[in-house]
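Presented below is the structure to which this report refers.
These numbers come from the heavy atoms of this one structure, side chains and all, not from hydrogens, waters or symmetry mates. Computed from a predicted structure; not experimentally measured. Note on naming: letters A, B, ... go to the chains in the order of the sequence lines (proteins, then strands), and numbering restarts at 1 for each one.
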Amino acid sequence: MRIATWNVNSLKARLQRIEEWVADMQPDVLCMQETKVSDDAFPSLTFMSMGYESAHFGQGQWNGVAILSKVGLTDVISNFAEGEPDTDARIITAMCGGVRVCSVYVPNGRSLEDDHYKYKLRWMAQLRRHVAAISSPDETVIVAGDFNICPTDIDVYDPAKFVNATHTSPPERDALAELMGWGFVDLFRVHHSEEKLYSWWDYRAGDFHQGRGLRIDLVLGTKAVADRCTWSIIDRNARKGQAPSDHAPVIIELD
DNA sequence: ATGGTGGCCCGGCCA
């Protein structure tokens, strides 16, 4: 079973590339973020014709998360299962082929002084509550998406540039550690411990070609998932060529 | 040190 996550940065702008990538990679489950469409405009028929059921939680212009599956898709939960609902469309959960899958788009944070940064930290705490409310650490659970947090300095092209910045601040990393402490493993790092492996590159200033990226797109899995995970990759080829997303997909394979 | 690119939808905001 192959599970992928991809911040597509607009479904409308990216649909052709997504179709090509899906046809090529054949994920059983694909989590998407930043679809930037309303539920009405979500192209479920396009994905159905490719063999996928889909669930989408969108709000139109901004945010929006989805799950595609060709191994079943049930028990859909849009937004947090518990507590104050988010006003943004940033999390959707479903059961796919025996795996409980959450597709998440964690708030960016903007800057350490911004209210959006406090919102990001609250959001991470709510995410932990969400997974604890709907599952337990001994189950088969995956949280995949754009976390907008680099777990460690080796996930940052130049850590000195990110002192007193979002994505690397200790409170953000603590919040991620809290979530992972519930019972998750960073599945990419199980297979790849080396530096300079990123999932996002700014569109500006040739950052992709200069290797200036961040690893902020994560697939977190419980032990039951990690035990079945045979490989994981970041498909940086998807960041090349005409009209790419600024994020590359992350893929994991389960036995 | 700054600004650069690209998405939204057409003037800035967001990333």
Side-chain angles (χ1 to χ4, degrees), chain A residues 5-22 30-43 46 56-66 86-92 103-124 127 144-151 155-169 171-173 175-176 198-218 234-250:
Chain A
T5 183
W6 194 7
N7 180 323
V8 297
N9 186 18
S10 168
L11 256 180
K12 283 176 190 162
R14 216 70 61 210
L15 190 55
Q16 191 184 335
R17 278 195 71 130
I18 295 167
E19 286 182 67
E20 288 166 2
W21 187 85
V22 166
L30 174 60
C31 298
M32 291 188 286
Q33 302 84 36
E34 284 205 86
T35 59
K36 297 184 177 177
V37 292
S38 63
D39 291 336
D40 287 347
F42 185 80
T46 300
H56 180 249
F57 177 35
Q59 65 182 79
Q61 194 173 355
W62 304 114
N63 309 311
V65 284
D86 192 2
T87 52
D88 287 353
R90 293 181 178 275
I91 177 168
I92 189 166
S103 176
V104 301
Y105 175 44
V106 177
N108 174 286
R110 297 177 192 166
S111 73
L112 301 190
E113 303 76 34
D114 202 298
D115 282 345
H116 205 258
Y117 177 74
K118 297 186 187 78
Y119 166 55
K120 181 181 196 172
L121 296 178
R122 285 199 308 274
W123 204 94
M124 285 298 292
L127 175 57
D146 176 1
F147 282 77
N148 274 312
I149 299 171
C150 305
D155 303 306
V156 185
Y157 72 93
D158 185 356
K161 283 193 163 64
F162 284 82
V163 174
N164 294 320
T166 60
H167 295 65
T168 63
S169 73
E172 290 166 77
R173 286 179 171 166
L176 179 61
Y198 310 125
S199 66
W200 173 86
W201 300 260
D202 198 302
Y203 284 121
R204 296 170 287 190
D207 275 10
F208 176 66
H209 302 284
Q210 300 292 328
R212 293 189 290 260
L214 304 176
R215 193 176 69 91
I216 55 176
D217 298 272
L218 310 177
I234 298 172
D235 181 15
R236 68 187 297 285
N237 285 327
R239 181 63 176 78
K240 300 176 181 174
Q242 284 290 307
S245 169
D246 45 355
H247 295 252
V250 185

Contacts of A/R212 that satisfy salt bridge (charged side-chain N to carboxylate O under 4.0 Å, His left out) - sequence neighbours left out: A/D207

Rounded C1' spacing from B/dG7 to B/dG11 in Å: 14 Å

Distance between C1' atoms of B/dG6 and B/dA1 (Å, rounded): 23 Å

Counterpart residues, ring-ring contact (aromatic ring centres under 6.0 Å, His included), relative to A/F42 (two or more places apart): A/F47, A/H56

Contact letters for nucleotides 6-15 of chain B, in which S counts primed atoms plus P, OP1 and OP2 and B counts the base, heavy atoms under 4.0 Å: SBS----BSB

Span that lies between the P atom of B/dC10 and that of B/dC14, in whole angstrom: 16 Å

Rounded distance in Å between the C1' positions of B/dT2 and B/dC8: 25 Å

Residues forming a salt bridge (charged side-chain N to carboxylate O under 4.0 Å, His left out) with A/D235, sequence neighbours excluded: none

Euclidean distance for P, B/dG4 against B/dC13 (whole angstrom): 16 Å

With sequence neighbours excluded, residues passing side-chain contact (heavy atoms from CB on, under 4.5 Å) with A/S10: A/K12, A/A13, A/K36

Salt bridge (charged side-chain N to carboxylate O under 4.0 Å, His left out) partners for A/R173, two or more places apart: A/D153

Which atom of A/T5 lies closest to which atom of A/Q33, heavy atoms considered: OG1-NE2, 3.0 Å

Atom C1', compared across B/dG3 and B/dC9: separation rounded to whole Å: 23 Å

